[in-house]
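Shown next, in structure tokens, is the structure this report addresses.
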Amino acid sequence: MDSPDQVSSTASRLPHRHVVLFYRYFLPTDHHAESPNVQHGGSVQISADGSNFGVLDTATLHFFQNHSNHYLPLLQRHQIALCERLGDMKGRILISIEGINGTLSGCGVDAIMQYTKEMENFDLLTEFVVPEKIHENSSIPKPGRGRLFANIDWKISDVNDDHMSDEYHEPFPDLKVQIVNEIVNTGGTIHASDISEHMGKEISPDEFHSILTQAQANGGWVAESDLSDDGPVNVSDNEGLMGSEARISGHNKAKKKEVVLVDVRNTFEHAIGHFIHPHSNTIIPHTCTTGKDPSSTNTTGNTKEDLSLMQRSSNSAPTPAINPNTVTFSHFDSNFCSKYSNVLKDKKVLMYCTGGIRCVKASAMLKKRGIEDVSHLSGGIHRYLEKYSSDGFYKGKCMVFDQRVALDPDSFKTRDEEDSKNRASNIVGKCIECQTPYDQLSGANLCTVCRDLILICPTCRESKHEYHCDRHQTWKNAYFTFLEGFTCEELENQKSELQRLHDSYSPPKEHKNVRKTLRKQIEKVLDRLNELEIGSANVDTNARRRCRTCFESDAICDGLCWGFWKHSQSRHQQHDDDKLHPIHEVKVGDRVTPGPNWNEMRLGSKFLPSTFTDSKKAKTGLDARVHTKLQNNQQVLKKGTVVQIKSWGSGGRENDCVAVLWDEFLQHGRRKKNGRVHYSEPKDRDETLLHQAEIYRWGAKARNGQRMYDVKLIHPC
């Protein structure tokens, strides 16, 4: 392996063609040495004799937690410096008091392996000097027992050219290291202490596969005692269903349990790939009813078309694992666990996600609700596909949150010629409109109501300006974000249907959020009708499709302007970069105001609200002239200060966006000189100000080659 210096010097000249996925919850190894459920993914690996491989003792962990305000920013800077030193690694890392969660790309295996080596050897008290202030008020643990990142399950995959839209694209446009409250957001439902107490059993891909094999051969049932002692009952290929059932029935210790397989991921991930469920009798809706028209549900509250038996006869089509129908993981407890925990109490629940991190908390959610037998796949789909690829129970693609978007099962192993021949038969996704096989996710294809990713084929996409996910299919003739192309008659019809939908959600308390969404849309339609009636607006019969994220027309943006999709639209830009105007000069501390490409539909009004004079912030953040104008009902443009210059969608090739802190949010850290606002250097600036800053385009390239500026400089008089 190359030395770190060699890795750093060569990496920056090569494209990123390797990705590492990792996480770790910070749980003490000395406290959990007797807990077989907390393994390498959740905290550490436990050997057969009960000793631990990673070293993070309780005293050091408590010390870190008690002084997290000091150590979290140090860990953030440490990660940034390490990634830059190893050849400008890019990706996303989340750090919190409960753990670390990250995905990084590098130019080669050497850079990735050097990163993992340095992380494994990292020790909190060896790496960082303890400040005198902490020395005076705390008992300092001994160095060497603060290995926060020891024994992580590093999942490394390749980036093939056919994964990327262009040969110069890389999995991530830049590096972002964020300090967060949770490395997997549950809205505070599950804390780190809940993991050690309630986490389900973590099982290997082999054991997971073996349980599904037995359950499939035995009508969805397995022998509980055999699973807890020596693993699943082995069923030979030629034994047959009747023979294996007889073995289980005749086993003197055996108590049969029904297997229920749950996909912990979000709906759009499940749509393009999932495990096949073993035959089971458990009745659970394939999707929950949030946002659906109650008129399509039965008396139990389950959607009629979604209510399905997990039990299928031996000649039926394969049944997917249960889809809890979540847009984000933070909804898993409320959407699934709270509704179906009673149904699952006497079942053997198997859970899975992409890499294992979500299952740690998801299994704790179920166990806290009294479900005893909960297991989840160690290493997630990633580790399973490394072992079984397309020959296992997983069918379809696996979503990865980078520019590769989704990978075939055989992408996790060395592929051969036969793999490409089987590609078409492995499509499990369907177009939301025409139901033809389709599995290409795109950041441009979002539900206009909730912005969830959807599957829609190119033919259906061209026939529509806006799209609706499965949960909002009953809204598809009434709810639209962009109203400029509708006539008064069409808007009146929308208003009537929206009101009918609103009234159908009863009782109101149980559907308050859905009803609120519909009320806001009714108000929006009424405002548009008023504009047309008084003549302040006209119907645009040639209205173009707009991006649901930035609200620009498709001449400006193809919808790939958010998340890891951001720099992928450059493949549509056929213009010569040499002919583009250079980006206007800007620096930290420059004063700005809304600019030529400010979009009020997306960014809100460019003016300060007249009621702002009554707020406490206004009294500390605005001068007397502004107060006077607002009190006299004069419009005043927002003003702010550039606090950071970043890369928007260029993949790091140029700085084309700015972070702006608006004066209206200022309460601290401001000082005046000669009547103007000034700030200190970034390293001295209050960190809380950066969190209040908002990101705006500053020279980002549109599809037509135009430079987009959401804000503009305020030139001094």
Side-chain angles (χ1 to χ4, degrees), residues 19-23 37 39-42 45 101 103 152-158 163 184 199-217 220 222 227 231-232 234-235 259-266 269-278 318-324 329 348-363 374-402 404-415 419 422-423 425-429 439:
V19 173
V20 59
L21 172 71
F22 60 95
Y23 76 91
N37 292 345
Q39 300 178 9
H40 58 76
Q45 253 179 327
N101 177 16
T103 307
I152 287 176
D153 180 20
W154 306 97
K155 305 173 188 71
I156 300 174
S157 57
D158 296 334
H163 292 156
V184 174
M199 189 183 94
K201 182 182 179 183
E202 194 170 32
I203 59 177
S204 69
D206 283 338
E207 186 175 356
F208 190 87
H209 183 83
S210 184
I211 294 172
L212 293 181
T213 300
Q214 182 188 341
Q216 186 180 56
V222 292
L227 288 173
N234 292 322
V235 180
V259 174
V260 177
L261 184 59
V262 180
D263 191 337
V264 175
R265 301 171 303 157
N266 298 321
E269 298 173 79
H270 178 91
I272 63 171
H274 42 254
F275 277 95
I276 298 302
H277 204 296
T319 304
I322 293 170
N323 171 22
F329 180 69
K348 179 169 186 61
V349 180
L350 297 185
M351 314 177 88
Y352 68 89
C353 60
T354 305
I357 186 171
R358 285 176 277 189
C359 283
V360 172
K361 288 191 172 183
S363 64
V374 181
S375 301
H376 61 270
L377 178 58
S378 177
I381 300 168
H382 195 292
R383 286 288 184 232
Y384 182 89
L385 293 181
E386 285 181 347
K387 181 69 180 288
Y388 294 99
S389 60
S390 58
D391 298 325
F393 285 91
Y394 190 87
K395 304 302 177 185
K397 287 183 175 180
C398 178
M399 174 84 178
V400 291
F401 291 86
D402 59 55
R404 296 173 295 171
V405 185
L407 303 180
D408 296 322
D410 292 318
S411 296
F412 292 84
K413 68 166 189 174
T414 302
R415 300 198 293 178
D419 294 334
N422 297 327
R423 168 72 185 91
S425 63
N426 199 34
I427 297 177
V428 302
D439 63 1

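Being a predicted model, the structure only gives us computed values, none of them experimental. Values reported hereafter were calculated over all heavy atoms of this structure, with side chains retained and with hydrogens, waters and symmetry mates removed.
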Backbone N or O of [Y] within a donor-acceptor pair of the [X] side chain at under 3.5 Å?
X: H274; Y: H270; value: yes
X: K155; Y: G355; value: yes
X: T213; Y: H209; value: yes

Q: Just do the side-chain contact (heavy atoms from CB on, under 4.5 Å) check on I156 and F22 with the steps written out, would you?
A: CA-CA 9 Å; I156 300 174; F22 60 95; over 6 Å; no
Interatomic distance, [X] atom [atom1] to [Y] atom [atom2] [nearest 0.5 angstrom]:
X: L377; Y: S363; atom1: CG; atom2: OG; value: 12.0 Å
X: I357; Y: H376; atom1: CD1; atom2: NE2; value: 11.0 Å
X: E207; Y: L212; atom1: CD; atom2: CG; value: 11.0 Å
X: T103; Y: Y23; atom1: OG1; atom2: OH; value: 12.5 Å
X: L407; Y: L385; atom1: CG; atom2: CG; value: 9.0 Å
X: N323; Y: R265; atom1: CG; atom2: CZ; value: 9.0 Å

Exercise for review: Report yes if some heavy atom in the side chain of V222 is under 4.5 Å from a heavy atom in the side chain of K348; otherwise report no.
Suggested key: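 Side chain of V222 against side chain of K348, heavy atoms only: contact under 4.5 Å found.
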Note, I203 side chain near I211 side chain (heavy atom, < 4.5 Å):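 The answer is yes; the side chains approach within 4.5 Å.
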What are the two closest heavy atoms between [X] and [Y], and how far apart are they?
X: G396; Y: P409; value: O-CD, 3.0 Å
X: D153; Y: G379; value: OD2-CA, 3.8 Å
X: V400; Y: A406; value: CG2-N, 4.0 Å
X: E202; Y: S378; value: CG-CB, 3.5 Å
X: S389; Y: D410; value: CB-OD1, 3.2 Å
X: S390; Y: K395; value: O-NZ, 3.5 Å

| query | Does the side-chain contact (heavy atoms from CB on, under 4.5 Å) test come out yes or no for R358 and N266, once each step is laid out? | reply | CA-CA 11 Å; R358 285 176 277 189; N266 298 321; 4.0 Å; yes
Ring center gap for F275 and Y352 short of 6.0 angstrom:
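Centroid separation for F275 and Y352: below 6.0 Å.
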| said: Between V184 and V360, is the side-chain contact (heavy atoms from CB on, under 4.5 Å) condition met? List the steps. | reply: CA-CA 10 Å; V184 174; V360 172; over 6 Å; no
request  = Describe, in one word, how the ring planes of Y384 and F208 are oriented to each other, choosing from parallel (under 30°), tilted (30 to 60°) and perpendicular (over 60°).
outcome  =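 Perpendicular: the ring planes of Y384 and F208 meet at over 60°.
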Steps toward side chain to side chain donor-acceptor pair (under 3.5 Å) verdict (R404, S157): CA-CA 11 Å; R404 296 173 295 171; S157 57; 3.0 Å; yes
| query | Quick one: ring-ring contact (aromatic ring centres under 6.0 Å, His included) partners of F329, sequence neighbours excluded? | reply |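 So F329 forms a ring-ring contact (aromatic ring centres under 6.0 Å, His included) with F332.
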Next item on the list: Using the test side-chain hydrogen bond (donor to acceptor under 3.5 Å, both in side chains), find all partners of N101 that sit at least two apart in sequence or belong to another chain.
Entry: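 Expected list: none.
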Run through L261, D263, V260 and flag the one making a side chain to side chain contact (heavy atoms under 4.5 Å, CB included) with I322.
->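 For I322, the side chain to side chain contact (heavy atoms under 4.5 Å, CB included) test succeeds with only one of L261, D263, V260, which is V260.
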